[in-house]
Protein chains: 2
Amino acid sequence: MSPKKEQLILIATDLFSRHGFHPVGIDRILAEAGVARMTLYNHFPSKDDLIAAVLDRRYHDIMASLRACVEPMASAKEQLRAIFAWHETWFGTPQFSGCLFERALAEFGTDYPNISAVAIRYKKTMTAWMTDMLKALLQEPAAARIASILMILLDGATIDARAFHDPTIATKAWNAAEAVIEQEILASKKPSA
Amino acid sequence: MSPKKEQLILIATDLFSRHGFHPVGIDRILAEAGVARMTLYNHFPSKDDLIAAVLDRRYHDIMASLRACVEPMASAKEQLRAIFAWHETWFGTPQFSGCLFERALAEFGTDYPNISAVAIRYKKTMTAWMTDMLKALLQEPAAARIASILMILLDGATIDARAFHDPTIATKAWNAAEAVIEQEILASKKPSA
DNA sequence: CTATTTAGATAGAACGGTCAGTATAGAAAG
DNA sequence: CTTTCTATACTGACCGTTCTATCTAAATAG
């Protein structure tokens with residue numbers, strides 16, 4: 001991987017995150033990255049491809065970072081809590097300006113499959129991952145059901161953390177998640193009640 | 001209110017909802033609304049003002065529609081459930097393409113206070129409203145805390161309903177909401193446990 | 001009732017700016 | 001010598017916005 005290409009993805013990620021995909025033009029990326037115009041087009045056929053590369057990189061970075069936070073945890077409950085804690089740390093970052101996948105989905109919608117596909121893949125991977133964790137606590141159909149609720153909580157927390165500039169929303173979301181999990185465990189033990 | 005102005009807001013709302021604010025140009029709105037260029041600029045100083053008008057209208061429409069669904073309900077629980085049910089109906093609409101306020105927040109961020117203000121006002125109004133409802137079930141600090149969780153659930157459900165094309169996510173969100181509320185009521189009755 | 005004014009709406013051209021993408025020629029570096 | 005990057009100018013297309021000139025219908029005045 002060429003250092004110039006690397007630089008482009010890095011700067012583009014930052015600019016897209018802070019201002020969005022449409023408002024950030026090629027020229028601005030080139031200026032801030034200190035890269036010539038043709039160098040960009042040697043590495044990426046078009047702006048859309050650069051966006052796709054940014055999203056793909058972001059996907060792998062986030063998943064790796066999350067895995068590093070979760071793996072040390074012993075119990076399923078602690079692992080799930082680690083995911084929410086990771087989000088709280090993220091929300092507190094000065095550069096935090098929402099989830100890049102959500103932004104891509106909001107700006108491009110389903111019209112651009114190349115771009116929206118990454119956002120959906122991210123959601124599906126996360127949900128499947130949390131389903132696996134929940135299998136240690138719950139039966140199969142319930143695990144998937146609760147996982148999708150946890151995904152809702154994470155997505156909602158990400159939205160509201162940005163809107164309200166409040167990182168502690170992640171903790172509130174985790175409290176809700178724990179309540180839902182506990183109630184489900186209780187219900188599974190007493191199916192008659 | 002001039003019928004042309006009305007028409008512009010209506011068509012613009014539809015186009016912005018389906019394709020986003022940046023990708024939809026003035027020309028397209030004019031063409032689909034069947035309105036002359038200068039008519040638009042007689043009613044709105046700029047595109048940004050049209051966007052603000054669209055968001056403002058949307059805000060009042062949504063709140064009115066929600067109130068109509070909630071008011072007939074007798075108990076606080078039923079009222080809250082009605083809010084989630086309203087979302088499920090909305091998610092199932094063929095034209096559903098996410099929340100316009102979220103989209104505005106995603107596309108314009110905090111850089112454009114005129115525009116992002118409506119989105120934040122919407123969230124705050126909803127949270128305050130749900131806090132009032134919850135006061136029938138919970139004490140003061142808990143009511144506000146749970147209300148912000150319900151807001152997280154609604155926002156997350158809206159995001160995921162669009163991403164997964166699944167309106168029933170609203171029901172899952174309500175199930176989670178109910179679990180959180182019930183657990184909080186229980187905890188308030190047994191403060192020692 | 002007729003003439004005149006007024007207010008809105010219309011179509012279309014045009015402006016300045018920006019944008020993504022292309023072309024070309026030269027510099028740097030191994 | 002070959003590959004990569006740089007610099008700059010350019011192309012079309014599109015964008016938001018302004019301008020002008022024309023049309024229509026209703027209100028007003030004589």
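Protein chains get the first letters and strands the later ones, always in sequence-line order, with residue 1 at the start of each.
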Of B:Met38 and A:Lys47, the one whose closest DNA chain C nucleotide lies more 5' =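 Result: B:Met38.
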key: In one Ile/Leu/Val/Met/Phe/Trp/Tyr side-chain cluster, 4.5 Å: A:Phe96, A:Ile169   =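 Linked, A:Phe96 and A:Ile169 end up in one cluster.
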Check the distance between [N]'s [atom2] and [X]'s [atom1] and give it to me in whole angstrom.
X	N	atom1	atom2	result
A:Tyr41	C:dC19	OH	P	12 Å
B:Lys4	C:dA11	NZ	C1'	13 Å
A:Asn42	C:dG21	CG	P	14 Å
B:Ile26	C:dG12	CD1	C1'	17 Å
B:Lys5	C:dA7	NZ	P	18 Å
A:Asp48	C:dC19	CG	P	15 Å

task = Could you give me the CA-CA distance, side-chain angles and deciding distance for B:Glu6 and B:Arg57, then say whether salt bridge (Lys or Arg N to Asp or Glu O under 4.0 Å) is met?
result = CA-CA 10 Å; B:Glu6 190 78 14; B:Arg57 165 70 62 93; 3.0 Å; yes
inquiry  = Just to be sure I understand the rule, does A:His43 reach a base, reach only the sugar-phosphate, or reach nothing, if contact means heavy atoms closer than 4.0 Å?
reply    = sugar-phosphate
key: Contact boundaries on DNA chain D for chain B, cut-off under 4.0 Å to non-hydrogen atoms   = D:dG16 to D:dT20
ask   = Is the phosphate of C:dA20, meaning OP1 or OP2, less than 4.0 Å from a side-chain N or O of A:Ser46?
value = no
Judged by atom type as modelled, is there a donor-acceptor pair below 3.5 Å linking the side chain of [X] to the main-chain atoms of [Y]?
X	Y	answer
A:Gln183	B:Gln183	no
B:Arg162	A:Leu105	yes
B:Lys47	B:Phe21	yes

request  = Answer with yes or no whether the side chains of B:Asp14 and B:Ser17 bring together a donor and an acceptor at under 3.5 Å.
outcome  = no
task = Using only heavy-atom distances, determine whether the side chains of A:Thr39 and A:Asn42 contain a donor-acceptor pair under 3.5 Å.
result =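 The criterion, which ignores hydrogens and geometry beyond distance, is not satisfied for A:Asn42 and A:Thr39.
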key: Contact summary for A:Glu78 and A:Ala74, nearest pair of heavy atoms   =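 The answer is OE1-N, 3.5 Å.
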query = Looking at B:Phe164, is A:Lys124 sitting on its ring face, NZ or CZ under 6.0 Å from the six-membered ring centre and within 45 degrees of the normal?
reply = no
ask   = Contacts to DNA chain D from residues 28-37 of chain A, heavy-atom cutoff under 4.0 Å, which residues?
value =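 Of all residues in residues 28-37 of chain A, the ones placing a heavy atom under 4.0 Å from DNA chain D are A:Gly34, A:Val35, A:Ala36, A:Arg37.
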